[in-house]
Amino acid sequence: METLTSVLARCTSLELQSRTSEAMDVLTEHIDNLLLENEFESMDDFLGELRVGDYSTDILITILTATLSASSELSKRSDFVERVSVELELRGEPVASLMKGLG
């Protein structure tokens, strides 16, 4: 299975080609597959290490959305939520509306 890091690189490339919807589909599917395979530890490690400033708002919100159902299994997700919130605030994004229900 492709690593999350390589999936993110592919998604970033798709975004640069104005194929954002396709990129988010690829990312969501990959995260869903990891969670279905009970790869909570690897997903949690990924969330803990991800440099949120390196990725688009769309990618960050997609990760939050895709991991929401497994939040009880992902101990590092709450810190990730906070880091995303701070990053989006720095970007001048409408944090409350973008992250509503994702915390």
Side-chain angles (χ1 to χ4, degrees):
M1 178 180 270
E2 192 175 7
T3 67
L4 264 168
T5 303
S6 64
V7 169
L8 280 177
R10 188 160 46 108
C11 290
T12 299
S13 176
L14 288 167
E15 280 188 310
L16 292 172
Q17 298 170 40
S18 299
R19 295 165 60 189
T20 302
S21 181
E22 182 180 347
M24 299 313 103
D25 289 345
V26 166
L27 182 55
T28 299
E29 182 179 347
H30 189 78
I31 291 172
D32 285 348
N33 287 337
L34 280 175
L35 297 176
L36 287 170
E37 293 174 8
N38 295 319
E39 290 290 336
F40 300 116
E41 187 175 342
S42 61
M43 187 73 233
D44 211 31
D45 289 343
F46 173 78
L47 293 176
E49 297 168 4
L50 189 69
R51 294 175 45 162
V52 296
D54 292 350
Y55 298 98
S56 72
T57 298
D58 287 329
I59 284 177
L60 297 174
I61 296 299
T62 298
I63 293 169
L64 286 173
T65 303
T67 57
L68 181 61
S69 65
S71 59
S72 64
E73 300 289 337
L74 302 170
S75 62
K76 296 177 184 173
R77 189 177 182 279
S78 60
D79 178 64
F80 180 71
V81 170
E82 181 59 29
R83 291 186 295 123
V84 169
S85 179
V86 168
E87 178 63 28
L88 296 181
E89 184 74 33
L90 289 172
R91 294 178 186 183
E93 297 279 8
V95 177
S97 63
L98 284 174
M99 295 188 60
K100 184 176 182 176
L102 296 177

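Values reported hereafter were calculated over all heavy atoms of this structure, with side chains retained and with hydrogens, waters and symmetry mates removed. Along the sequence shown, the residues carry numbers beginning at 1.
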Write down the atom of [X], the atom of [Y], and the distance for their closest heavy-atom approach.
{"X": "Ala66", "Y": "Leu35", "answer": "O-CD1, 3.5 Å"}
{"X": "Cys11", "Y": "Ala23", "answer": "SG-O, 3.2 Å"}
{"X": "Val95", "Y": "Ser85", "answer": "CG1-OG, 3.5 Å"}
{"X": "Val84", "Y": "Met99", "answer": "CG1-SD, 4.1 Å"}
{"X": "Thr3", "Y": "His30", "answer": "C-NE2, 3.9 Å"}
{"X": "Leu98", "Y": "Ile61", "answer": "O-CD1, 3.8 Å"}

Quiz item: Residues two or more places apart in sequence or in another chain: which of them pass side chain to side chain contact (heavy atoms under 4.5 Å, CB included) with Glu37?
Solution: Met1, Glu39

Self-check item: Contacts of type side chain to side chain contact (heavy atoms under 4.5 Å, CB included), residue Thr20, not counting sequence neighbours
Solution: Glu15, Met24, Asp58

Validation: residues 86-94 side-chain donor-acceptor distances under 3.5 Å, sequence neighbours left out:
unit_1 : atom_1 : unit_2 : atom_2 : d
Glu87  : OE2    : Arg91  : NE     : 2.9
Glu87  : OE2    : Arg91  : NH2    : 3.4
Arg91  : NH1    : Tyr55  : O      : 3.1
Arg91  : NH1    : Thr57  : OG1    : 3.0
Arg91  : NH2    : Val52  : O      : 3.3
Arg91  : NH2    : Tyr55  : O      : 2.5
Glu93  : OE2    : Thr57  : OG1    : 3.0

Any side-chain heavy-atom pair from [X] and [Y] closer than 4.5 angstrom?
{"X": "Leu8", "Y": "Phe46", "result": "yes"}
{"X": "Ser13", "Y": "Gln17", "result": "yes"}
{"X": "Thr65", "Y": "Thr28", "result": "no"}
{"X": "Leu4", "Y": "Ile31", "result": "yes"}

How many angstroms lie between [atom1] in [X] and [atom2] in [Y], if you round to the nearest 0.5 Å?
{"X": "Phe40", "Y": "Ser72", "atom1": "CZ", "atom2": "OG", "value": "7.5 Å"}
{"X": "Ile63", "Y": "Leu102", "atom1": "CD1", "atom2": "CG", "value": "12.0 Å"}
{"X": "Asp79", "Y": "Leu50", "atom1": "CG", "atom2": "CG", "value": "11.0 Å"}
{"X": "Met43", "Y": "Leu47", "atom1": "CE", "atom2": "CG", "value": "4.0 Å"}

Self-check item: Pairs involving residues 16-26, ordered by first then second residue, that meet salt bridge (charged side-chain N to carboxylate O under 4.0 Å, His left out) (sequence neighbours left out)
Solution: Arg19-Glu22

Quiz prompt | salt bridge (charged side-chain N to carboxylate O under 4.0 Å, His left out) pairs, two or more places apart, involving residues 68-77 | solution = Asp45-Lys76

Quiz item: Does a sphere of radius 6.0 Å around CD in Glu41 hold more than 12 heavy atoms from other residues, nucleotides or ligands, not counting ones at 6.0 Å or beyond?
Solution: no

Quiz item: Tracing side-chain links under 4.5 Å among I, L, V, M, F, W and Y, which residues wind up in one group with Leu16?
Solution: none

